[in-house]
Colleague: 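First the structure, which I've put down as structure tokens, then a few questions once you've had a look.
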2 protein chains.
Amino acid sequence: MNVTGNRPGDMDVFGELRMSRANQRPRLVDVAEHAAVSLATASRALAGRDGVSAEVADRIRRIARELGYVANPYARTLAGGARSTVGLIVHQVDDPYFSEISAGVIHLAAEQGLLVQICQSGRDPAYELQQLRHLIAQRVGIILISGSGYDDPRVEAEARAELAAFQEHGGRVAAIGRHALGVDAVLPDNEAGGFALAEHLMDLGHRRIAVAAGSAGLTTVADRLAGVSSAVRLRGAYGADLAVVHSDFTRGGGRAATEQILNEHPETTAIVALNDAMAIGVLSTLRSRRVAVPARMSVVGFDDVSVAADLAPSLTTIRLPMTEMGRTALALALKPRSARPRRRRTGHLLVVRDSTGPAPTT
Amino acid sequence: MNVTGNRPGDMDVFGELRMSRANQRPRLVDVAEHAAVSLATASRALAGRDGVSAEVADRIRRIARELGYVANPYARTLAGGARSTVGLIVHQVDDPYFSEISAGVIHLAAEQGLLVQICQSGRDPAYELQQLRHLIAQRVGIILISGSGYDDPRVEAEARAELAAFQEHGGRVAAIGRHALGVDAVLPDNEAGGFALAEHLMDLGHRRIAVAAGSAGLTTVADRLAGVSSAVRLRGAYGADLAVVHSDFTRGGGRAATEQILNEHPETTAIVALNDAMAIGVLSTLRSRRVAVPARMSVVGFDDVSVAADLAPSLTTIRLPMTEMGRTALALALKPRSARPRRRRTGHLLVVRDSTGPAPTT
DNA sequence: CTAGGGTACGTAAGCGCTTACGTAAGCGCT
DNA sequence: AGCGCTTACGTAAGCGCTTACGTACCCTAG
């Protein structure tokens, strides 16, 4: 139940790590003295609070700039209860989807002078919950949680409760691509994206479509899948049919799903991978199985990670603005809380490239 | 003193980030009281410092665990000069090379209970220096700097001076793949890697080799290039020849370099991209220019980012253990400083895949 | 002219921790 | 017995900020 690595031996790390006091950076008192005002006034002026006349505030700000004053975030946090750290939970930082989101978060955070603490949950709900608790214990002020939610109501409820308590105490939370948490969220329209992909394939004449889906327990999977199915159902009269194979949201998952599709649904002419990582695995396996893309099999992905355009064949996919999503999520969390959770829908765009073509005429 | 009603944190007028004091986690005093010792003793026991008898220390640790006590990192930092944040400077987090390094750093940091603050320098030396100063101003305890160094002695000297001063005050520094900083470093053998790539190509019969190099000012570029040239020079007697085109370490850079190589050095039968990102761009351009790989042109990369194996054709490259490099760098920084900079050389491995083949017989 | 109220600023009390220094007890030594 | 040394612990002074509250001053209304 405790965070890993909390054993006595590990604490030594801190023991070794200490800085000399001589690291003389200007402090708030220095600014205050130069400006011939009190600490309180200097603090108020720099925080932009009122109760300071415009001219004095200007003088203080100027002097702070001249001295190269940068507030000590630790002191600030300790004193004010204000939290200048944002905790970002992702499944895996070296997955392009998440690294692009992170890039957006980090970028805005840097602009705002906030620290970003990144945690990797490794796609494990239990570990994710532990990370969440750890972040809260570390007194972050903002928690950004990305990655798909879990269908399991118990898991999700625990996270939800933890976050609610955190918000109760003034913490800010925003979710990215995750809607069941009862918090502000930036959400791609996964269903519409799935719908668009299926439509695109059916427009090309495909009728036997297989879906390489991520873990069955993820809401993202369910949503994207729902979009695909509803598009297919709408054209059911034309004989469209859907096979769904569950694996996981990685390249390896894509490879596994492809094997299964090839074996169990040989009539398939198009594979919808529910994210780009899987699509990369799908393409890779099709290549080694000598299945021509798109001549014999069309493939689509979802996300448009940046490498998607440089694959061979380049990947038809749904573009999601990941970097912007990260930015937006942080921006959302930075705003004052509203009574009810806000949702920002992100745009999405079908990007047609070389991995899709007309259905083979058999 | 405790009013349950209206606390400052609840008012939250201007979207200020503040937490209510009511976020009652156990503090060190609570542990100390339960253990019937003083604050000082509790602190010493939990920090693993001596001056506390074994049994008392055990009791304190047990009680801390029972209470779920987690030290407030801000207070700890403020008070002790001990720094529990590690600053990580990368060029770009959504570049797989750096995201894999980050993953390693984050992982070890999580184990050690350290915060990780990631900065993106955007490959701009001036901005990187600014980020560096920012991290120092933010009082991080450890700075990890990755990405190639710059050939420009002035730029590098400034960073070097800044880091030296930081270390002077007890800060810890480690570099990843960067050797001119006068600090501990984990270094791949770029020269040997370049050598191995060139050897591999020449073994396959290639004699007209072109290099798609990153920016001319980077030490990584110089080192990898030196390896390639020296291998080629060694076989100069056999008529091997080298064309070098400089661009930058991105996919776009790879595309640009390829265009130039195709135009200016049409006799080329093999392209050495000095990192995998460029190699992806090279492959992409060759495909659109209808140059068969490896039949008409062989391509090699450097790094072995995880997608390299799933490209079409899969990429022959030098494998570097990026994740482990990140981990090692942090581990290095965590150790007490030694008198002179330590260097950890990482292994590397030529991974032969489908993007290389025998030179065309013309 | 004074009460009442607003504005601009100062004073000082912490936030939760680390650590220099002080103290009391126990030990061996002469 | 008396001295100094070591060990184990307590006391209290901050670390650099924020902010509740106090104070001086000016303005307006009565």
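Everything quoted here is computed from the prediction, not taken from an experiment. Proteins get letters first, then strands, A, B, ... in listed order; numbering begins at 1 in each. Atom set for the values below is all heavy atoms of this structure, side chains included, hydrogens, waters and symmetry mates excluded.
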Colleague: Output the rounded distance in Å from CG (A:L28) to P (D:dG14).
Modeller: 18 Å
Colleague: Residues two or more places apart in sequence or in another chain: which of them pass side-chain contact (heavy atoms from CB on, under 4.5 Å) with B:D50?
Modeller: none
Colleague: Do the side-chain N or O atoms of A:S53 get closer than 4.0 angstrom to the phosphate oxygens (OP1, OP2) of C:dC9?
Modeller: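 Yes.
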Colleague: If you define the side chain from C-beta out and look only at heavy atoms, does anything of B:R65 sit under 4.5 Å from B:R61?
Modeller: yes
Colleague: Determine all donor-acceptor pairs shorter than 3.5 Å in which one atom belongs to a side chain in residues 36-48 of chain A; sequence neighbours excluded.
Modeller:
unit_1	atom_1	unit_2	atom_2	d
A:S38	OG	A:A40	N	3.4
A:S38	OG	A:T41	N	3.3
A:S38	OG	A:T41	OG1	3.2

Colleague: A:Y69 has an atom OH; how far is it from atom P of D:dG16, in whole Å?
Modeller: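 Spelled out: OH on A:Y69 to P on D:dG16 is 10 Å.
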Colleague: Whole-Å distance between D:dA8 P and B:I60 CD1?
Modeller: 13 Å
Colleague: Kindly write out the residues that satisfy salt bridge (charged side-chain N to carboxylate O under 4.0 Å, His left out) with B:R344, not counting sequence neighbours, or none if the list is empty.
Modeller: none
Colleague: Can you check nucleotides 24-27 of chain D for protein contacts, nitrogen or oxygen pairs under 3.5 Å, and list what you find?
Modeller:
none

Colleague: Name the residue closer to the 5' end of DNA chain C, choosing between B:Y74 and A:V56 according to the nucleotide with the nearest heavy atom.
Modeller: A:V56
Colleague: Please list, chain by chain and in numerical order, all residues satisfying side chain to side chain donor-acceptor pair (under 3.5 Å) with A:H107, sequence neighbours excluded.
Modeller: A:E111, A:R327
Colleague: Provide, to the nearest angstrom, the distance between the CG atom belonging to B:D50 and the P atom belonging to C:dT19.
Modeller: 13 Å
Colleague: Please identify each residue that fulfils salt bridge (charged side-chain N to carboxylate O under 4.0 Å, His left out) with B:D124, with sequence neighbours left out.
Modeller: none
Colleague: Starting from P on D:dC9, measure out to CD on B:E55 and report it in whole angstrom.
Modeller: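 Computing the B:E55:CD to D:dC9:P distance gives 8 Å.
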Colleague: Strictly below 4.0 Å, heavy-atom distances to any atom of DNA chain D: list the hits from residues 33-46 of chain A, or just say none.
Modeller: A:A40, A:S43, A:R44
Colleague: In whole angstrom, what separates B:N72's CG from C:dG16's C1'?
Modeller: 6 Å
Colleague: With B:Q130, which residues qualify under side-chain contact (heavy atoms from CB on, under 4.5 Å), at least two apart?
Modeller: B:Y127
Colleague: Please report how far the helix from C:dC1-D:dG30 to C:dT30-D:dA1 bends, comparing the axis fitted to its first five pairs with the axis fitted to its last five, to the nearest 10 degrees.
Modeller: 50°
Colleague: Holding to side-chain contact (heavy atoms from CB on, under 4.5 Å), I want the full list of residues that pass it with B:E162, two or more places apart in sequence or in another chain.
Modeller: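 By the side-chain contact (heavy atoms from CB on, under 4.5 Å) rule, B:E162 matches B:L132, B:R133, B:I136.
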Colleague: Checking contacts here: which listed nucleotide (C:dT19, C:dT18, C:dC15) is nearest the side-chain heavy atoms of B:R76?
Modeller: C:dT18
Colleague: Using atom types as modelled, flag every donor-acceptor pair under 3.5 Å from a side chain in residues 87-94 of chain A to any protein atom, sequence neighbours excluded.
Modeller:
unit_1	atom_1	unit_2	atom_2	d
A:Q92	OE1	A:R123	NH2	3.4
A:Q92	NE2	A:D94	OD1	3.1

Colleague: Check side-chain contact (heavy atoms from CB on, under 4.5 Å) between B:R62 and all other residues, then give those that pass, not counting sequence neighbours.
Modeller: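 Only B:R59, B:E66 meet the side-chain contact (heavy atoms from CB on, under 4.5 Å) criterion with B:R62.
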Colleague: Would you kindly give the CG-to-P distance between B:L78 and C:dT19, to the nearest whole Å?
Modeller: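 After rounding, the gap between these two atoms is 13 Å.
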Colleague: Distance check needed: C:dC9 C1' versus A:R49 CZ, whole Å only.
Modeller: 15 Å
Colleague: With heavy-atom distances below 4.5 Å as the criterion, would you say the side chains of B:I142 and B:L330 are in contact?
Modeller: yes
